[in-house]
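Working notes, structure below.
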Amino acid sequence: MSNQNGTTPSNVPPQAPGLEMQNGVPTIVSAAGVNVMSGNEKLHTISILVENRPGVLARVSHVFARRGFNLESLAVSRTEDHTVSRITIVVAGDDEAFKQIGNQLLKLIDVIKVIDHTNDNLVGRELALIKVRVDNAAARAEIKQLADLFRANVVAVDPTTMMLEVAGKADKVDAVTKMLEQHEILELVRTGLVVLARGEKQT
Amino acid sequence: MDGAEILLESLKQEGCDTLFGISGGAILPIYDALGKQSDIWSILTRHEQGAGHMAEGYARATGRVGLCIGTSGPGATNLVTAITDAFMDSTPTVFLSGQVASPNIGKDAFQECDIFGITMPIVKHSYMVKNTQDIPRIVKEAFHIARTGRPGPVLIDIPKDMGEREFQGAFEYPESVTLRGYQPDAPAADEQIRAAAKLIAEAKQPILYVGNGVNSVDAADELLAFAEKINCPVTTTLLGRGAFPGGHALALDMLGMHGTAYANWAMHESDLIIAIGVRFDDRVTGNPKQWAPNAKVIHVDIDPAELGKIRFAQVPIWGDAKSVLNQFLEVVPAKTHHEWNARLDKWKADAPLTYEKEGKLKPQFVLQELQKATQGEAIMTTDVGQHQMFAAQYYNPKHTRSFITSGGLGTMGYGYPAALGAKVGCLQGHRPDTDVWCVTGDGSFQMNLQELATGVLYDIPVKIAVLNNSSLGMVRQWQKLFYSKRWSGIDLAKCPDFAKVAEAYSATGVTITHEDEVADAIREAQKNPGTVLLNFLTDAEADVYPMIPGGKSVHEMVVDGSGNKIPVGGWGKTHGGNGNVADIKEALETATSGDYAGEWNDDLKAGQLKI
């Protein structure tokens with residue numbers, strides 16, 4: 001809820017975990033943006049805690065698809081509570097459109113909680129597996145050195161290829177990828193970002 | 001007991017007395033169980049879409065959850081329009097769809113379709129039964145979700161074997177639901193109510209803008225009391241018709257694209273909008289940036305996602321209309337707005353709804369006669385198009401839940417089945433002794449007229465008024481106004497003789513062509529205990545005015561076929577392009593708000609303003 005025309009205080013407590021009251025309206029925390037995209041678009045990272053049931057991911061992804069959002073990344077897994085799954089989504093959009101998305105997500109019965117991490121102190125990681133063509137000892141040594149530099153792990157080697165495992169923020173994975181492009185990248189896969197808030201704050 | 005019997009027991013626990021639908025292969029077990037009981041009236045329709053709209057009409061007329069069933073595959077896909085309609089208009093409904101037996105799911109079995117997937121974006125929630133033991137819990141949750149918060153449709157997809165399998169243990173219906181991701185509402189904060197009260201106290205030209213949210217919680221009494229307490233004029237949306245009694249001194253009738261001139265002017269001039277159970281739909285706001293430019297907004301809605309979605313609200317209040325109005329009544333002191341109301345009264349006198357009376361039978365005249373004959377006491381359902389707007393303009397329902405129309409989705413073919421559903425609600429004792437009229441058009445009626453068989457077979461006496469202009473009138477009107485009369489896809493010539501159609505279904509059919517036959521025909525229909533169809537042959541040139549073209553502002557409002565725009569507040573002594581130059585100049589000079597005076601002067605200079 002933007003405050004362009006003045007504000008009205010609210011004494012309503014948050015109605016459900018993950019909601020914050022702004023002007024008496026439950027809403028997810030407004031986004032300030034971490035990474036400026038074209039126009040008013042910013043990259044938003046959100047966590048959606050959902051019931052661990054079939055069909056939930058389809059419902060959630062449809063909220064984005066219907067409004068023409070293209071997800072930058074998506075990661076889904078069970079949490080410490082096996083009845084709850086966590087969906088972590090990175091998506092570009094302007095604040096107003098993003099607020100709509102948050103409100104619509106909260107309307108889904110199977111969505112328990114929506115958290116916008118834009119202002120959070122986070123640990124964020126993604127994992128990449130990168131397979132490169134390596135057919136001589138010199139190249140093998142060079143790539144091993146590169147892996148050490150980035151604290152990446154060599155997880156598979158055979159006479160013609162090597163596979164690296166890189167964990168970190170997206171820019172680190174990008175940097176490793178860029179360096180490896182000097183060799184022939186055969187295949188690459190990334191998990192998408194997962195995040196947790198630091199300290200006692202619940203994500 | 002098997003799963004189907006458990007399902008029916010669960011439905012009875014929810015107080016269901018009626019189910020609309022059509023049988024079929026995958027729901028044989030459920031129809032078998034239905035045939036063995038008599039608590040639930042199973043109404044066999046002629047098309048699943050009709051069944052869906054009947055469930056909607058039943059729900060809208062009674063406030064109870066409408067229940068509908070269709071078989072797998074085409075039975076289920078035929079429900080899709082009705083489900084979407086219920087979703088758009090927040091109608092509490094539960095749709096049961098048959099599904100092929102569990103082992104066949106995903107194998108392209110006969111009459112298999114993924115209705116669970118198809119309907120995902122158009123339901124409030126949906127279930128696929130995977131275990132017979134879950135049926136009571138699912139039914140309990142489905143009804144809870146359908147009727148609470150912002151109501152809506154819930155789908156339960158039931159594979160055939162789930163209905164056949166024996167239920168283990170004794171039937172026990174759950175007493176409560178646990179849905180941690182669902183909080184339908186919350187009490188509005190006192191502080192918000194006080195903030196609203198402060199704005200109301202400061203306002204000089206407030207307006208109550210109310211919609212379906214008032215009807216759906218039966219808050220018409222509270223609204224009336226509140227409007228009178230703060231002496232505030234009331235305008236209703238299309239779905240809000242009946243929330244405030246027509247003819248009341250404070251009633252400004254409908255606003256928006258085809259709303260009254262005085263309602264739209266009042267909205268434009270207002271300094272405070274008290275919006276209750278509305279969503280600032282584009283058919284109301286036109287261009288939201290130019291809409292009500294001087295007003296602050298108090299927005300009350302049961303769905304927090306609606307608050308501030310289109311228009312920023314200085315005071316958003318999350319809550320249901322009834323509770324919040326009761327809080328307002330406690331906190332907000334009485335006040336008066338004599339000057340404001342006097343101005344509105346003048347506008348009402350200056351720019352009433354009007355129409356060209358020369359020539360063939362006018363649809364507006366028919367609606368005026370219906371209003372006279374029913375005194376606004378009847379439930380009226382409509383289809384979609386010109387007749388719908390005429391009905392909304394000229395029929396003034398006295399009671400809540402008495403104007404039942406497809407607003408959000410705009411579903412042609414809605415009206416007659418919805419009327420049947422509403423009348424069934426009456427026959428079941430929820431609205432005893434209430435007449436039900438369906439006002440429809442020749443285009444709309446042909447989209448579901450097969451349900452005449454249902455109406456006659458079950459003796460559900462609905463009166464049908466077909467405003468028959470042998471064309472898709474609203475599309476024709478737009479082609480006339482915006483496409484230089486390039487008629488395309490609007491000609492319904494060679495319509496069947498609807499009176500004969502009615503006779504073919506063993507109902508009564510009468511064709512009316514002249515004004516002087518109208519009142520008698522309506523009176524005869526009222527006396528007739530059965531289904532009556534009145535086929536009014538009306539003037540195809542009779543268009544709906546006033547009109548604000550889509551996406552435009554109140555400054556673009558035209559009041560008649562001349563295309564003349566009319567400034568806010570009217571021409572002065574007269575209206576509708578009859579004013580003389582002096583009147584127009586006076587109107588321009590005395591205009592109090594906005595930047596339109598400049599625009600109008602420019603128009604005058606450019607010679608574009610026809611006088």
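Below, chain A is the first sequence line, B the second, and so on; all start at residue 1. Scope of the values below: all heavy atoms of this structure, side chains included, with no hydrogens, waters or symmetry mates. This structure is a prediction, so every number in the text was calculated from the model and none was measured.
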For chain A, which residues of residues 90-108 of chain B have heavy atoms nearer than 4.5 angstrom: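 Within residues 90-108 of chain B, no residue comes under 4.5 Å of chain A, counting heavy atoms only.
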Sequence neighbours excluded, which residues qualify as side-chain hydrogen bond (donor to acceptor under 3.5 Å, both in side chains) partners of A:Lys144?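 side-chain hydrogen bond (donor to acceptor under 3.5 Å, both in side chains) check on A:Lys144 returns A:Asp148.
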Is there side-chain contact between A:Leu186 and A:Glu184, with at least one heavy-atom pair below 4.5 Å?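 In contact.
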Check whether any side-chain heavy atom of B:Cys113 lies under 4.5 Å from a side-chain heavy atom of B:Ile118, and answer yes or no.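 Heavy-atom side-chain distance check passes, below 4.5 Å.
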Which one of A:His62, A:Arg66, A:Gln104 has the most heavy-atom pairs closer than 4.5 Å to chain B?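 So the answer, after comparing A:His62, A:Arg66, A:Gln104, is A:His62.
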State whether A:Lys131 and A:Asp158 are salt-bridged, where the test is any N-O pair (Lys NZ or Arg NE/NH1/NH2 against Asp/Glu carboxylate O) under 4.0 Å.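 Salt bridge absent between A:Lys131 and A:Asp158.
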Proximal component of B:Lys130, with respect to chain A [non-hydrogen, under 4.5 Å]: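 Contact with chain A: side chain only.
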Considering only heavy atoms, which portion of B:Val123 lies under 4.5 Å from any heavy atom of chain A: side chain, backbone, both, or neither?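 Interface part for B:Val123: side chain.
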Between B:Arg180 and A:Thr83, is there a side-chain donor-acceptor contact under 3.5 Å, judged purely by atom types and distance?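 Yes, side-chain donor-acceptor contact under 3.5 Å.
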Determine the interplanar angle of the A:Phe98 and A:His44 rings, folded into 0 to 90°, and report it as parallel if under 30°, tilted if 30 to 60°, perpendicular if over 60°.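 Ring orientation of A:Phe98 relative to A:His44: parallel.
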Assert yes or no for the condition that the ring centre distance of B:His299 to B:Phe280 is strictly below 6.0 Å.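 When the ring centroids of B:His299 and B:Phe280 are compared, they turn out to be within the sub-6.0 Å range.
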Does B:Ser126 use its side chain to pair, donor to acceptor, with the backbone of B:Phe116 at less than 3.5 Å?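 No; judged by distance alone, with no hydrogens or angles, the pair does not exist.
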Please flag which part of A:Leu108 lies under 4.5 Å from any non-hydrogen atom of chain B: side chain, backbone, both or neither.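 It is the backbone, since no side chain atom gets that close.
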